[in-house]
Amino acid sequence: MFGYYVRLALKSFRRTPWLTAIMVCALALGIAACIATLTVYDAAARNPIWWKSDRLYAVTMDSWDPNEAADRKRPDLPPSQITFKDAKFLLGSDIPERKVIMFRTRDVISGGGTADAKPIPIATRATTGDFFPMFDVPFLYGTGWTARADNDREPLIVLSKELNQKLFGGVNSTGRTIRWNERAFRVIGVLDSWSPLPKFYDLTRGAFEAVEDAYVPFGWTETLGRFPNGSRVACWQNGPIDSFAQFLQSDCVWLQMWVQLKDTSTRESMQARLDAYWAEQRKSGRFQRPRNNRLTSVKQWLIDREVVQNDSRMLVGVAFAFLAVCVLNTVGMLLAKFLRGASGAGLRRALGATRRQIFMQYLTEAGILAVGGGTLGLMLGALALRGVHALYARGSIGRGGYQDLTHFDTASVIWALVLAVAAALAAGVYPAWRVGRLSPVVYLKNG
């Protein structure tokens, strides 16, 4: 019977091609709008390291101005970064399994496969060696450095896959020497493709900024004595800072710190260590605000820092409202079409067809219509995502940040299928039911 219903539907479409095209386009536009917004929203709201996010914690302490909160919108939260002296003290704790302090900077790199290679501006992350195993960063060649390299300030560097392609044509460059800010550094590792979004470990420049091009041991921060360039630095004290040493001892917040804790017990121990350090520093005149030391899990961190804005949620709501309008218009057009063609169904009823069979006939027609709308909506959604993708500039070596949210993936296809089924049910059930409820006499009169 299903094949027969399909043949009847195709004949019906041929009788009203323009009306059919309008209904398919209406459903397609609504589905495309939902696909585009849901794809971006889903990517923005996901936990990029869900498999271990219950063991990773952002470390924050409220060392800010006693008279004003660091964030006026969220005065209950401490600053999202910490000071150098606090980070260095906490880095000495043996409670965490792993611990990282880091910041982002803008630099210049040169060297590579050709002797006349021009310097390239890049983004660098100065970090401690635990960064790579803590965040499960994949390597294509080589590996990261150890804590000894952090302490000895060895001239080591890890390149992103894209930067390695730029400098060395993508070959294994471990052991090669390049110049980072006019100093010779030895390549010890090359990352594989890696782009965690949202960029949870550093939200200071935006949740969807591209990852860095290179990584160097944090110890070089003190060795070079260079003020942070390209990262967010916030200071509340008005006193002058005349040297880099003074900057390091100031209450300016500019470092991100994360720890990996084994279980609830070690989390409580680390929290106690934070609180004890806070009490000690408070006696010396620091930390004059109420105690607000936090170990925040990845999931809660993304919530606290409002990675998913209310505007994004509103946009999803608007897209579904638009789909609802498209479906309602399709319902009206289908109902009008079905009632105009009721004579054929009336003849079938007079010959013995049941109401259920008439209902299934017209529901099949609506379903085929929805499949067409879903297929076209899938294509339009992909085009919409490509358009959004093209609006955003890429990173310094060609990697997108926000762009990576706008890729068309399996989730987009699933959304399209779900929306197409929902549209078929929403648009077809009522018109098919209305036609099926009419008596054969009415059908025949309409004929």
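These figures come from a predicted structure and were not determined experimentally.
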* Asked: Could you walk me through whether Glu212 and Lys199 pass the salt bridge (Lys or Arg N to Asp or Glu O under 4.0 Å) check?
  -> CA-CA 11 Å; Glu212 287 72 28; Lys199 191 180 174 183; 2.7 Å; yes
* Asked: With a 4.0 Å cut-off, would you call Arg74 and Asp76 a salt bridge?
  -> yes
* For Tyr201, the option from Phe131, Trp258, Phe103 that meets ring pair (Phe, Tyr, Trp, His ring centres under 6.0 Å) -> Phe131
* If you look at every heavy atom in Gly129 and Asp150, which pair is closest and at what distance? -> N-OD2, 2.8 Å
* Asked: Do Asp251 and Trp236 meet the criterion of a side-chain donor-acceptor pair at a distance under 3.5 Å?
  -> no
* Asked: Hey, are Trp254 and Ser231 close enough side-chain-wise for a donor-acceptor pair under 3.5 Å?
  -> no
* Looking just at side-chain N and O atoms, do Arg232 and Gln256 make a donor-acceptor pair shorter than 3.5 Å? -> no
* To do: Check the side chains of Asn293 and Tyr277 for a donor-acceptor pair under 3.5 angstrom, ignoring hydrogens and angles.
  => no
* With no hydrogens and no angle check, do the side chains of Asp136 and Trp51 hold a donor and an acceptor under 3.5 Å apart? -> yes
* To do: For the residue pair Asp130 and Thr128, confirm or rule out a side-chain donor-acceptor distance under 3.5 Å.
  => no
* To do: Would you check, one step at a time, whether the test salt bridge (Lys or Arg N to Asp or Glu O under 4.0 Å) holds for Asp202 with Arg125?
  => CA-CA 10 Å; Asp202 183 2; Arg125 180 154 297 270; 2.6 Å; yes
* Asked: Checking side-chain contact (heavy atoms from CB on, under 4.5 Å) for the pair Lys88/Glu222: CA distance, chi angles, key distance, verdict?
  -> CA-CA 12 Å; Lys88 290 291 283 187; Glu222 297 174 81; 3.5 Å; yes
* **Backbone N/O of Phe287 and side chain of Arg282: donor-acceptor pair under 3.5 Å** => yes
* Using modelled atom types only, decide if a donor and an acceptor are shared between the side chain of Gln288 and the backbone of Arg286 within a distance under 3.5 Å. => yes
* Asked: Step by step, would you call Phe135 with Phe200 a ring-ring contact (aromatic ring centres under 6.0 Å, His included)?
  -> CA-CA 10 Å; Phe135 298 132; Phe200 66 96; 5.4 Å; yes
* Asked: Of all heavy-atom pairs between Gly170 and Tyr141, which one has the smallest distance, and what is that distance?
  -> O-OH, 3.3 Å
* Asked: Are any of the side-chain nitrogens in Glu68 or Arg289 under 4.0 Å away from the carboxylate oxygens of its partner?
  -> no
* Between Asn47 and Ser53, does any side-chain donor sit less than 3.5 Å from a side-chain acceptor? -> yes
* **NZ/NE/NH1/NH2 to OD/OE distance under 4.0 Å, Glu209 and Arg104** => yes
* To do: Please identify each residue that fulfils side chain to side chain contact (heavy atoms under 4.5 Å, CB included) with Val24, with sequence neighbours left out.
  => Thr20, Leu369, Leu376
* So does Lys299 have more than 12 non-hydrogen atoms from other groups sitting under 6.0 Å from NZ? -> no
* Check: Thr143 side chain, Phe139 main-chain N or O, donor-acceptor pair, under 3.5 Å -> no
* Could you pull out all residues at least two apart from Glu97 that satisfy side chain to side chain contact (heavy atoms under 4.5 Å, CB included)? => Arg55, Gln260, Lys262
* Straight-line distance of Ser80 OG to Arg294 CZ, nearest 0.5 Å -> 12.5 Å
